[in-house]
Protein chains: 2
Amino acid sequence: MKLSERKKKILQIVVDDYIETAVPVSSKNITDKYMKDVSSATVRSELSALEELGYLTQLHTSSGRVPSPEAYKLYVSELMVKDKLSVKELNYIKKIFTEKSGDIEYVIKNAVKIISELTDYTSIGVPAAGTDEKIEIIKLVKIKPDAALVLIVTQSRLYKDNYINFPESVSEERINNASDMLTKIFAGKTMVEVAETSFDALAQFEEYKEIFYKVIDALKEYAVRNENVFMEGEEKILNHPEYADVDRIKNFLSVVSSNDKMVNILHDDGRDISISVKIGSEENADGVPEGCSVVSATYSANGQKLGTYGVIGPSRMDYQKVVAVLENVGKILENILSNK
Amino acid sequence: MKLSERKKKILQIVVDDYIETAVPVSSKNITDKYMKDVSSATVRSELSALEELGYLTQLHTSSGRVPSPEAYKLYVSELMVKDKLSVKELNYIKKIFTEKSGDIEYVIKNAVKIISELTDYTSIGVPAAGTDEKIEIIKLVKIKPDAALVLIVTQSRLYKDNYINFPESVSEERINNASDMLTKIFAGKTMVEVAETSFDALAQFEEYKEIFYKVIDALKEYAVRNENVFMEGEEKILNHPEYADVDRIKNFLSVVSSNDKMVNILHDDGRDISISVKIGSEENADGVPEGCSVVSATYSANGQKLGTYGVIGPSRMDYQKVVAVLENVGKILENILSNK
DNA sequence: AGTTGGCAGTCGGGCGTAAAGAGTGCTAAC
DNA sequence: GTTAGCACTCTTTACGCCCGACTGCCAACT
């Protein structure tokens with residue numbers, strides 16, 4: 001079902017116009033604004049054909065046409081004219097990322113913020129799971145007489161959110177020894193492996209075994225714990241006229257504020273494409289709410305996946321801008337992080 | 001302007017009924033449901049008097065009465081019957097807090113989650129600023145050949161979100177030495193003090209001064225960095241009929257998703273009360289949106305403020321439940337944390 | 001003096017009708 | 001293949017209307 005050039009052009013016009021105005025597009029509107037060389041009747045028959053093909057729908061008999069999810073897909077993959085960011089915007093992105101440094105979570109937080117600012121949509125990010133990376137260092141840091149912070153360093157991540165408590169005070173020396181031994185034992189294994197193995201052999205380390213078991217528990221917890229989802233501008237969805245309806249808002253927010261659902265939606269499909277576009281529809285149970293689209297990208301540095309970032313908004317989304325922003329943030333990010 | 005007992009009773013009835021039903025309360029409704037001993041005409045004159053006193057308002061001449069912010073204030077401080085949590089709810093709270101441990105941020109996250117679950121409102125929490133506490137330990141932990149994590153331990157907090165990068169690889173020994181020296185130099189001072197002092201004297205430490213200055217920068221950043229605001233259930237506001245209006249939702253979300261604004265609202269006023277209730281109105285520029293109320297409490301353990309937690313929702317809020325939940329979560333939390 | 005029933009007055013919400021407006025689909029002619 | 005024209009459909013808005021829900025006031029009662 002190849003589309004004629006004119007059909008493509010008209011479809012592009014419909015999508016562009018609908019994205020801009022949020023108003024169903026009529027044949028007259030098309031001829032007036034974009035195609036003065038033909039009459040509205042001609043366009044009408046083309047529109048009718050495009051509807052037959054599943055690219056357009058009508059809300060009711062006497063309304064203009066609205067793009068279907070299929071139309072958006074085609075638009076993004078073939079019809080859309082790619083946007084370029086202004087120099088100002090590019091510099092802004094660069095500035096943020098060179099000023100700040102830190103671990104992946106911090107980078108993602110900033111990326112999400114920038115993306116939301118530049119696109120004016122709700123933006124989201126999840127760090128790539130590092131639990132299948134090899135452990136490099138395990139370190140216990142004594143914080144209180146009877147408590148220590150468990151740090152796990154893998155190639156791309158630092159896990160630093162778990163604590164262990166001891167029944168009584170433990171000397172710094174013991175803790176340092178334990179750190180060194182743990183690193184020796186577990187370096188080269190992944191957290192998932194550690195979580196799945198039983199370490200009966202550790203029982204031999206008499207005086208340390210208690211600490212070891214606690215650390216293993218901490219490791220296991222990291223392995224199953226959900227990744228943080230970072231989000232910015234969840235209220236921006238309200239700026240769009242299709243979200244004047246409270247039920248839709250409710251639905252949107254309930255999806256967006258559920259970490260599990262967002263991780264699921266953002267989870268990259270292993271496909272090796274830079275930018276993925278998911279468009280919500282009734283059948284598509286991907287988790288993307290109907291009428292919503294998610295545009296996302298997975299960024300890497302030195303061959304290691306860093307995380308997935310994206311934008312969620314109405315299907316009637318400014319894909320040109322969004323794709324441009326995601327691509328550029330990605331490029332700049334990967335450059336900076338790879339050079340390190 | 002003391003209210004007669006009957007006026008108080010009627011005002012209480014109006015607030016109770018309005019909280020329950022969200023419908024303006026009429027005189028007939030009152031006599032039918034709550035005061036069968038008098039006629040509606042009698043109640044009408046009382047209502048009229050209460051309106052005169054500023055406790056009630058009418059949306060239009062032929063509507064029932066709605067409580068004013070003043071009425072809610074009086075209701076919470078004098079009229080309301082305190083609620084008790086069920087044993088099931090109490091056990092649920094206890095279970096969560098004994099199972100989990102960790103630093104303050106983790107505790108707050110959990111508290112906020114529980115509060116939102118039990119009250120069914122949007123709940124929020126901010127850790128108390130620890131930047132005016134005395135530093136106990138400064139520790140640099142080598143993560144990569146040329147990068148270290150900066151840990152600062154104060155009495156109640158652990159700061160663990162700042163990194164420093166070195167131009168070249170630095171040995172573990174040097175880093176450990178630096179940690180020890182830094183702890184000696186800065187222990188007993190607060191981060192705010194450190195941020196305000198200039199440490200020209202450090203220039204003498206030749207080979208360490210570079211590391212020192214970077215750590216001081218990190219300290220300064222902690223000192224000015226905004227506290228995290230934890231939030232749960234921001235979509236729950238939509239369950240209330242007064243938030244059927246998109247503009248109000250927008251306003252609510254824009255306040256709630258601004259960390260600065262929330263910190264401002266939650267900032268405890270130094271007053272030594274356990275539970276604070278702020279009710280939004282036009283004049284009151286406290287930052288609480290009109291039509292909203294914030295109920296919050298500041299929790300401490302061992303004389304040290306831990307953080308402020310609360311609930312934000314429509315002024316027509318189930319104060320009985322909310323106050324009970326906040327009080328009990330606080331009690332349980334303080335018990336558990338003090339015994340440690 | 002406080003309370004009550006009754007009644008007039010006000011306002012909002014729901015409903016049907018009417019008219020206007022926006023678009024389409026179809027057809028006959030070019 | 002394209003076009004102008006026309007009939008048809010459906011939404012939106014407005015208007016008028018009536019009903020119901022309250023209140024406020026007043027005169028009568030306890």
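When reading the values below, keep in mind they use all heavy atoms of this one structure, side chains included, and skip hydrogens, waters and symmetry mates. None of these values were measured; they are calculated from a predicted model. Residue numbers begin at 1 in each chain, while the letters A, B, ... track the order of the sequences.
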ask   = Looking only at heavy atoms, what is the nearest atom pair of B:Val14 and B:Arg65, with distance?
value = CG1-O, 4.2 Å
Of the listed nucleotides [options], the one nearest the side chain of [X]:
X: A:Ser39; options: D:dT3, D:dT23, C:dT4; value: D:dT3
X: A:Ser26; options: C:dT24, D:dT23, C:dG25; value: C:dT24
X: A:Thr42; options: D:dC25, C:dT4, D:dT3; value: D:dT3
X: A:Ala41; options: D:dT23, D:dA4, C:dT24; value: D:dA4
X: A:His60; options: C:dT4, C:dG25, D:dC10; value: D:dC10
X: B:Gln58; options: D:dT3, D:dT23, C:dG25; value: D:dT23

ask   = So, are A:Glu232 and A:Lys113 salt-bridged, with charged N and O less than 4.0 Å apart?
value = no
request  = Return the 5'-most residue of the pair A:Pro24, B:Thr61 with respect to DNA chain C, ranking by each residue's nearest nucleotide.
outcome  = B:Thr61
Roughly, in whole Å, what's the span from [atom1] in [X] to [atom2] in [N]?
X: A:Leu59; N: C:dG23; atom1: CG; atom2: C1'; value: 12 Å
X: B:Leu47; N: C:dT3; atom1: CG; atom2: P; value: 14 Å
X: A:Asp32; N: C:dG23; atom1: CG; atom2: C1'; value: 13 Å
X: A:Lys28; N: C:dT24; atom1: NZ; atom2: P; value: 11 Å

If only side-chain N and O atoms of [X] are considered, is one of them under 4.0 Å from the OP1 or OP2 phosphate oxygen of [N]?
X: A:Ser63; N: C:dA22; result: no
X: A:Arg44; N: C:dA22; result: no
X: B:Arg6; N: C:dG2; result: no

Test side chain to side chain contact (heavy atoms under 4.5 Å, CB included) applied to A:Tyr121 and A:Lys236, step by step = CA-CA 6 Å; A:Tyr121 291 104; A:Lys236 287 186 178 163; 5.8 Å; no
query = Going through the checks in order, is the side chain to side chain contact (heavy atoms under 4.5 Å, CB included) test met by A:Lys73 and A:Val277?
reply = CA-CA 8 Å; A:Lys73 274 179 211 159; A:Val277 179; over 6 Å; no
query = Counting distance only, does the side-chain N/O of B:Arg44 pair as donor-acceptor with the main-chain N or O of B:Ser27 below 3.5 Å?
reply = no
query = Side-chain donor or acceptor of B:Ser62 under 3.5 Å from a matching atom on the base of C:dC11?
reply = yes
task = Report which part of the nucleic acid B:Asp37 touches: base, sugar-phosphate, or nothing (heavy-atom distance under 4.0 Å, all strands).
result = sugar-phosphate
